[in-house]
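Report on the following structure.
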There are 2 protein chains.
Amino acid sequence: MATVKDVARLAGVSPITASRALNNPALVHPDTISKVKAAAKQLGYQPSRVAQGLRTGQTWIVMLSVKQKDTYDPLLFEFATGVSEACRENGYSLLIYPTDGIAELESFIGKVDGVILTDIKDHDARAERLSAELTIGAFGQTQYDVPQIDVDNMLGGQLGTRHLLMLGYRDIAFITSSSDLLFLQHREQGYVHCMKEAGLKPTIVYNSFDMHGGYAAMTSLERTPEAVFCASDSMAVGVLRYLHERNLRIPVVGYDGGYLTEITDPPLTSVKQPFFTVGKRLAEAMFECMSSGNIVRELVEPELVVKDSTWPRIE
Amino acid sequence: MATVKDVARLAGVSPITASRALNNPALVHPDTISKVKAAAKQLGYQPSRVAQGLRTGQTWIVMLSVKQKDTYDPLLFEFATGVSEACRENGYSLLIYPTDGIAELESFIGKVDGVILTDIKDHDARAERLSAELTIGAFGQTQYDVPQIDVDNMLGGQLGTRHLLMLGYRDIAFITSSSDLLFLQHREQGYVHCMKEAGLKPTIVYNSFDMHGGYAAMTSLERTPEAVFCASDSMAVGVLRYLHERNLRIPVVGYDGGYLTEITDPPLTSVKQPFFTVGKRLAEAMFECMSSGNIVRELVEPELVVKDSTWPRIE
DNA sequence: TTGAAAGCGCTAACAT
DNA sequence: ATGTTAGCGCTTTCAA
């Protein structure tokens with residue numbers, strides 16, 4: 001492993017000049033910079049994060065805090081992979097830490113440079129308490145002034161609804177959960193917006209946010225609608241099962257676009273959440289905040305992925 | 001943030017004595033140890049991994065190398081979570097790195113303390129080349145002398161088969177993929193072993209290792225068996241679909257025990273792979289190798305989880 | 001524009 | 001059993 005000293009010796013300068021040439025080129029003569037860079041390249045020099053960390057106080061570690069119960073959520077893994085990729089590109093390593101507790105999170109002050117929080121609330125105690133001590137990044141939306149990235153759920157609600165409208169359906173039910181969670185409210189608002197825009201009356205059914213809820217929601221409808229849009233793929237699985245059992249065949253659109261869309265019968269048209277992108281952008285936003293103090297708030301656009309559970313209406 | 005110096009001053013000893021009291025108590029007088037420990041506790045002293053790393057060469061980082069294509073595999077996430085938990089308990093942070101390339105892996109020599117390899121082969125070039133330079137841990141079985149943990153797939157094959165035998169079925173087909181992958185061969189061997197033990201003739205059908213393969217395998221059978229055991233849950237999904245379409249009702253057992261078993265209709269009886277435990281034990285085995293050089297080879301036992309896709313035979 | 005000295009926090013090697 | 005010295009690799013003073 002080559003060190004700055006080795007690079008400096010080969011370039012014929014002092015270690016500090018070599019260091020500056022690589023980190024703070026403005027202070028160094030152009031000729032010197034090229035000499036140093038050539039030497040560094042020749043030796044395959046990679047600065048030691050550890051030594052840098054000791055000097056600068058940076059740990060080069062960021063933590064991804066996930067709720068205990070989400071540990072097995074495959075969609076979260078996609079998000080984590082995006083975070084991981086951004087970390088790698090920026091030289092950070094990633095500590096995945098399953099916890100909800102603020103006290104536990106606080107014990108990491110000084111041991112990590114940043115914390116990524118999932119399941120963020122508008123008024124989030126973790127964001128409030130931690131943001132003073134270290135840089136945080138939030139998946140979702142919160143009132144606190146921290147870097148935050150979310151999926152544009154309003155748009156997602158519109159994408160699913162518009163798809164069914166464009167296929168010629170007018171009696172479209174929206175199946176979701178009653179909840180104070182912003183992301184569900186936004187999806188619903190997107191649906192309502194499109195329906196009203198088309199001069200149609202929204203039909204919204206609330207039930208539990210899983211397969212069984214989707215099934216139950218269908219049974220609670222007075223009559224079968226022309227088409228159904230679900231606030232999650234797992235609810236859509238329940239809807240499909242309901243339809244199967246009754247030999248009904250109407251279009252169904254899900255929301256998430258994950259592994260479930262592949263294994264349903266038929267494969268499920270769904271609003272795909274770009275979790276990988278969200279994870280990556282969020283980590284990048286956090287790094288940006290660390291270096292420049294700049295606070296990014298951003299919405300990432302979901303995308304409708306059409307499979308076989310939707311088709312044009314036949315008159 | 002308190003340092004050793006602070007602790008040492010409070011305890012009335014030199015920094016090195018404080019350090020030894022905490023890391024190498026054998027060399028220090030018991031009374032001194034208690035003084036130092038009390039001081040450390042009072043100050044909330046946490047040693048700086050960064051500074052330790054600089055001195056000792058340890059980075060306190062381990063890498064989890066996953067194949068690109070596996071990045072979104074929820075089962076792998078369960079494994080990763082286990083690894084992550086062991087890392088945390090031992091003070092390591094975890095770098096998740098999607099790659100198959102040896103060259104890329106080699107670039108991490110000196111930057112991480114250990115690498116966990118998934119998708120290990122019996123003759124694995126990565127294990128061979130890397131084990132000289134850093135500690136590795138392998139998920140699976142390999143001939144090289146590295147810490148390795150695997151699921152006992154032979155036992156898994158037996159668990160699924162025995163379950164169906166005990167329920168009274170004798171004409172049990174095994175649906176799997178033809179492959180040089182050890183884990184598939186072991187599951188098959190477990191099945192064959194139990195069938196022979198019961199004096200029955202094995203019926204094995206090979207097809208692709210996914211939902212479609214499961215479906216296709218069923219069509220290729222001359223007649224419908226009394227029961228089916230699949231080498232994966234996704235194959236079982238295909239089998240269930242085949243049965244649904246033909247209004248057939250025979251018991252089906254899957255293999256993996258993950259998220260799929262919840263969303264099939266009926267919920268799928270399956271051999272559950274303890275991926276979390278494997279991940280955790282593997283990381284621990286790797287840490288043990290780092291500290292003592294001891295090389296652990298271990299099999300973790302899978303467990304049959306009975307749901308509604310199997311029932312006793314009615315005469 | 002460049003360099004010399006110093007020190008981040010910790011611990012091995014060498015005293016005592 | 002304890003302390004002294006020194007240095008891991010890097011970068012922030014301060015000086016030239």
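The backbone N or O of R126(B) lies less than 3.5 Å from a partner atom in the side chain of D124(B), making a donor-acceptor pair.
One distance of note links CD of E104(B) with CD of E106(B); it measures 11.0 Å at 0.5 Å rounding. Taking CD1 of I116(B) as the start and CE of M286(B) as the end, the distance is 4.0 Å to the nearest 0.5 Å. Distance check, rounded to the nearest 0.5 Å: CD1 of I136(A) to CE of M290(A) gives 11.0 Å. In this structure, CD in Q273(A) is found 6.0 Å from CG in N153(A), a value given to the nearest 0.5 Å.
Regarding R20(A), its CZ atom lies at a distance of 11 Å from the P atom of dT1(C), rounded to whole Å. For the pair W60(B) CH2 and dG9(C) C1', the computed distance is 15 Å after rounding to whole Å. At whole-Å resolution of the value, CD in Q58(B) and C1' in dG9(D) are 17 Å apart. Counting to the nearest Å, the P atom of dT11(C) and the NZ atom of K5(B) are 13 Å from each other. The interatomic distance linking I16(B) (CD1) with dG9(C) (P) rounds to 16 Å, in whole Å. When rounded to the nearest whole Å, the span between CZ of R55(A) and P of dT11(D) equals 9 Å.
When only modelled atom types and interatomic distance are considered, Y259(A) and E78(A) share no side-chain donor-acceptor pair under 3.5 Å.
Proximity of S14(B) to the phosphate of dT2(D): no side-chain N or O atom is located under 4.0 Å from OP1 or OP2. A sub-4.0 Å separation between OP1 or OP2 of dG9(D) and a side-chain N or O of T3(A) is absent. The side chain of T17(A) places an N or O atom within less than 4.0 Å of a non-bridging phosphate oxygen (OP1 or OP2) of dG3(C).
Comparing dG9(D), dC10(C), dT11(D) against the side chain of L54(A) picks out dG9(D) as the nearest.
The pair D145(B)-R297(B) counts as a salt bridge, with a side-chain nitrogen and a carboxylate oxygen less than 4.0 angstrom apart.
Scanning residues 22-52 of chain A for heavy-atom distances under 4.0 Å to DNA chain D yields N23(A), Y45(A), P47(A), S48(A), A51(A), Q52(A).
Residue order along DNA chain C, read from the 5' end via each residue's closest nucleotide, puts V13(A) first among T56(B) and V13(A).
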